[in-house]
Asker: 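Here it is: the structure, laid out below.
Order of the sequence lines fixes the chain letters, A, B, ..., with proteins taken first and strands second; residue numbering starts at 1 for each chain.
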Amino acid sequence: MSVEEKVREIVVDKLGISSDELKPESKFVEDLGADSLDLTELIMAMEEEFDIEIDDEKAQELLTVQAAIDYIKANQQAAG
Amino acid sequence: MKYNCYITGFGFHVPEKIMTNHDFEHLVDTSDEWITSRTGIKQRHISAGQTCSDLAYQASLQALKEALITPQELTHIIMATFTPDTYLPNAACVLLEKLKHSNIAVMDINTACTGFVSGLEIARGLCAISSKANVLLVASEVLTSRVNFDDRSTCVLFGDGAGAAVISSTCSPAHNMAGSLVDVCLKADGALGELLTVKGGGSAYPLTLGQPVGENFFVQMEGREVFKHAVRSMYNVSLEILENNSVRPQDVSLVVPHQANIRIIDALAKKMNLDSSRIFVNVQKYGNTSAASVPIALAEARESGKIRAGDLVLLVAFGGGFTWGAALVRF
């Protein structure tokens, strides 16, 4: 499964939304209705899925689905 | 070393005064909806002048009654708290005097919200070195004495209360629904201490006569980071204690977690693949009572019939320091 697909799956699961609603440019808070603890749970799920660490400061900058995907790809490559 | 360690009496006490989420709407910029959706808390009990030892005394009387002993038969008192009546004398000595007992070993311990589980480890050590130990373990907090009621991110989270247990090296058939302490597993990581603090008044932040107290005299917390560590640490220590005792997760009848936030409890339950009927929740009524939260929940779960004879119960807690730990009790 690609990073995109996996991230989509995590977001759909954690935020309880349908995958039709989910666009790359969707903002977690404004468009998908996430609160601060939902964001923390999303970050935790991504950290565990992709075996990376996303510090709290960085996490605050990942506002959209695409931003999360880009960050994960960049950091997986860095690790690889 | 072979030894016996039983929990023969349980008790809890909370102050009468209740503060609902609506009460906070008049104090800070918040709402019942905001608090409920982010914490699961609907109300908390607040001290109206009662001290740590006052609450502890009431909880202790219940536990002693169930344990079928008088205060004078106690051999030790362990008081878990970070909000004692005074720094000196410690709260255990104040409680000892209220129980009209003396000439025994008493101590305060502070591992924040993990306090009760830490106390279980000490109590079983005492049972291991004495076949006549009657240990009163009481966790009591008047957390509202260290809550900044101008800080909307923390002030809604906490409540006051006490939970107690009598832990003995012997047990008789006359004891109703006694528990046998199977194991305890404790952890800590000081590198993460800055994320959850009460600093003011400590020797690193000394008091000066006549100087007003600042925000650092109250609970300060990096909520999101604490959330992350709480979920992961409680999950890991739960797996560890189960593995150490060759217990499968499905053999645990009930998990009694530290009651800090429903979202933490839900995330833990999901990770452990636990059905909601197998995880005890009372955070909606009491908020986070720190060290007192696990023994209040345990006493309430037992009292309400959620725990039956033969059940294996997992206690798990996480708190400032960081400290965390788990215990297994067979009823």
Asker: Please determine whether a side-chain nitrogen of the Lys or Arg among A:Lys73 and A:Glu4 lies less than 4.0 Å from a carboxylate oxygen of the Asp or Glu.
Answerer: yes
Asker: Would you find a donor on one side and an acceptor on the other, under 3.5 Å apart, between the side chain of A:Glu5 and the backbone of A:Ser2?
Answerer: yes
Asker: Output yes when B:Arg224 and A:Glu41 qualify as a salt bridge under the 4.0 Å nitrogen-oxygen rule, no when they do not.
Answerer: no
Asker: For a side chain to side chain donor-acceptor pair (under 3.5 Å) check, start with the C-alpha distance between B:Thr154 and B:Asp151, then their side-chain angles and the critical distance, and finish with the verdict.
Answerer: CA-CA 6 Å; B:Thr154 58; B:Asp151 177 2; 3.0 Å; yes
Asker: Step by step, work out the side chain to side chain donor-acceptor pair (under 3.5 Å) result for A:Asp70 and A:Gln66.
Answerer: CA-CA 6 Å; A:Asp70 292 344; A:Gln66 191 61 48; 2.9 Å; yes
Asker: Where along residues 261-298 of chain B does a heavy atom come under 4.5 Å of chain A, listed by residue number?
Answerer: B:Asn261, B:Arg263, B:Ala267, B:Lys270, B:Lys271
Asker: Judged by modelled atom types alone, do B:Thr111 and B:Ser118 share a side-chain donor-acceptor pair under 3.5 Å?
Answerer: yes
